[in-house]
> 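Take this structure first; my questions come after.
Ligands are counted one by one from 1 in listed order, and the atoms in each one are counted from 1 as well. What you see is a predicted model, and the numbers here were worked out from it, not measured in a lab.
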Amino acid sequence: MVSNPFILSFTLLLSLPILFLLAPRIFLPSNPVPPIPPDDEVHDLSLFNRASSSAVSLSHLSSSRPKLKIAFLFLTNSDLHFSPLWNRFFAKSNKNLYNIYIHADPTVNVSVPGGVFHANNFITSKRTYRASPTLVSAARRLMATAILDDPANAFFALISQHCIPLHSFKYTYHSLISSSTFDYSSSPTESTTESGIRVKYKSFIEIKSRDKRLWKRYTARGRYAMMPEVPFEKFRGGSQFFVLTRKHALTVIKDRTLWRKFKKPCYRADECYPEEHYFPTLLSMRDPNGCTHYTLTRVNWTGTVNGHPYTYRPFEVSPQLIQQLRQSNNSQSYLFARKFTPDCLKPLMKMADSLIFRD
Ligand SMILES: *[C@@H]1O[C@H](CO)[C@@H](O)[C@H](O)[C@H]1NC(C)=O
Ligand SMILES: *[C@@H]1O[C@H](CO)[C@@H](O)[C@H](O)[C@H]1NC(C)=O
Ligand SMILES: *[C@@H]1O[C@H](CO)[C@@H](O)[C@H](O)[C@H]1NC(C)=O
């Protein structure tokens with residue numbers, strides 16, 4: 001026992017430098033994720049610059065406006081398990097109303113699923129790791145490619161290989177592009193014309209400022225690592241899958257300031273998840289009123305395991321489940337849902353025409 005107060009304080013003082021020596025070891029990543037290779041960053045920057053400058057010049061061509069399209073951005077590190085379902089979703093639609101872009105991890109041999117999916121839907125992709133900024137890079141790459149590819153791309157829907165559509169393409173397109181009642185949060189006077197066409201589009205992205213994990217996520221790179229660009233009061237959380245307007249997709253690819261912070265590696269991979277924070281934080285800082293603050297991709301976070309949401313298995317797939325997953329408090333319906341195991345394809349296909357795409 002240390003009874004002498006002098007010896008006690010001396011011991012404490014002595015332990016301080018030892019703590020500093022050990023700190024890097026104690027706080028070393030539990031699950032280190034390699035940093036983004038500088039070459040990837042250079043390639044991305046040149047792509048983003050080309051996309052943002054092309055967007056500026058194209059905005060002058062607004063008189064002969066083409067029909068608006070939805071860009072579907074598939075982000076995957078495996079085969080697109082539900083491609084037959086997506087095939088049917090797209091097949092029943094007008095080819096001039098959508099574009100498909102796929103970012104597939106190059107270390108995985110992702111097969112071209114056929115149908116509406118072609119080899120030229122695959123964009124130049126880089127390696128991705130779970131819970132790392134590489135997922136943010138991949139999403140930004142998809143947006144930049146889609147902006148460059150077609151000036152008619154008006155909405156950018158980020159989709160994973162575990163996502164399924166909950167409605168027909170027609171319903172999805174109408175909800176995003178022309179419905180004046182789909183989104184409960186927008187005021188009809190501000191956002192529609194007399195003919196009911198929404199003139200001021202919003203991004204459907206979840207933005208949460210209250211979450212008990214937010215502080216841990218904020219400090220995952222160090223207590224002051226996000227300062228001064230992102231004070232804690234401005235740090236947000238949200239879902240990884242969203243639908244952004246073209247304006248916001250441009251905001252995302254033009255951003256350098258926040259990206260410098262969010263691309264930094266975290267001490268612990270299990271408290272990082274930059275893909276759940278970068279987009280909501282950036283858009284809530286730049287244009288909070290241009291976002292609905294909720295997502296159209298239904299996820300079941302009850303009983304989450306290792307940061308993964310609940311994953312539905314074939315025996316749970318039923319017409320009742322689809323109806324249940326559509327129910328939203330913020331809009332007329334959710335449009336997409338995740339996650340499902342690959343073998344859910346069979347029961348989903350069985351009710352594709354009779355239920356999912358029947359609206
Ligand atoms: C992908 O396919 C190529 C050629 O078929 C093969 O050489 C390579 O090992 C495969 N890679 C993986 C990760 O399976
Ligand atoms: C969400 O997952 C839980 C299991 O963790 C399940 O009991 C519940 O029914 C699911 N909710 C929906 C809407 O499917
Ligand atoms: C809708 O709101 C009710 C009441 O607050 C809540 O119990 C329910 O979980 C919400 N549904 C969704 C899909 O968020």
Side-chain angles (χ1 to χ4, degrees), residues 81-82 85-86 89 130-131 155 157-168 171-172 174-176 179-188 202-214 217 236-244 270-271 273 275-277 279-281 283-284 288-352 354-359:
H81 313 302
F82 299 117
L85 191 65
W86 285 105
F89 170 84
R130 189 169 173 255
F155 274 108
L158 191 63
I159 308 280
S160 88
Q161 75 267 37
H162 302 289
C163 287
I164 64 157
L166 289 176
H167 284 283
S168 67
Y171 182 100
T172 305
H174 178 75
S175 302
L176 290 174
S179 169
S180 59
T181 53
F182 176 73
D183 167 31
Y184 298 155
S185 73
S186 67
S187 95
K202 286 192 176 189
S203 288
F204 293 87
I205 178 167
E206 186 178 42
I207 299 177
K208 293 188 295 186
S209 55
R210 261 171 258 207
D211 188 319
K212 57 182 192 311
R213 292 165 306 184
L214 220 49
R217 301 279 180 92
R236 297 287 181 270
S239 64
Q240 193 192 342
F241 296 94
F242 42 69
V243 180
L244 297 190
D270 58 351
E271 277 159 15
Y273 301 104
E275 71 279 16
E276 292 180 7
H277 298 278
F279 300 100
T281 304
L283 292 177
S284 95
N289 298 327
C291 303
T292 58
H293 293 233
Y294 67 85
T295 177
L296 295 174
T297 304
R298 179 69 178 263
V299 192
N300 183 352
W301 284 110
T302 316
T304 161
V305 184
N306 279 334
H308 288 291
Y310 186 72
T311 306
Y312 293 100
R313 284 154 297 166
F315 71 90
E316 295 170 283
V317 174
S318 66
Q320 291 74 26
L321 178 69
I322 298 295
Q323 301 287 11
Q324 217 180 341
L325 294 179
R326 286 173 172 173
Q327 280 162 30
S328 161
N329 292 330
N330 304 308
S331 66
Q332 284 174 353
S333 176
Y334 279 100
L335 297 182
F336 313 107
R338 62 189 276 265
K339 295 171 84 163
F340 292 81
T341 57
D343 52 356
C344 286
L345 178 66
K346 211 169 153 192
L348 285 168
M349 287 302 279
K350 270 200 190 135
M351 54 187 185
S354 59
L355 175 78
I356 303 176
F357 301 140
R358 191 173 158 205
D359 42 33

> For ligand 3, what are the residues with a heavy-atom contact below 4.0 Å?
Arg298, Gln327, Asn329
> Which residues pass the ring pair (Phe, Tyr, Trp, His ring centres under 6.0 Å) test with His293, not counting sequence neighbours?
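For His293, no residue satisfies ring pair (Phe, Tyr, Trp, His ring centres under 6.0 Å) once neighbours in sequence are set aside.
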> With heavy atoms of Leu321 as the reference, note each atom of ligand 2 found under 4.0 Å away.
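This gives 14 (O) as the contact atoms.
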> Going by the side chain to side chain contact (heavy atoms under 4.5 Å, CB included) test, name the single residue among Asp359, Leu335, Leu321 that passes it with Arg326.
Asp359
> With under 30° as parallel and over 60° as perpendicular, where do the rings of Phe182 and Tyr171 fit, or are they tilted in between?
perpendicular
> How are the rings of Phe340 and Phe82 set to each other: parallel, tilted or perpendicular (split at 30° and 60°)?
perpendicular
> Quick one: do the Ser175 and Gln332 side chains pair a donor with an acceptor below 3.5 Å?
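Per modelled atom types, Ser175 and Gln332 side chains form no pair under 3.5 Å.
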> Can you classify the ring geometry of Phe204 versus Tyr294 as parallel (below 30°), tilted (30 to 60°) or perpendicular (above 60°)?
perpendicular
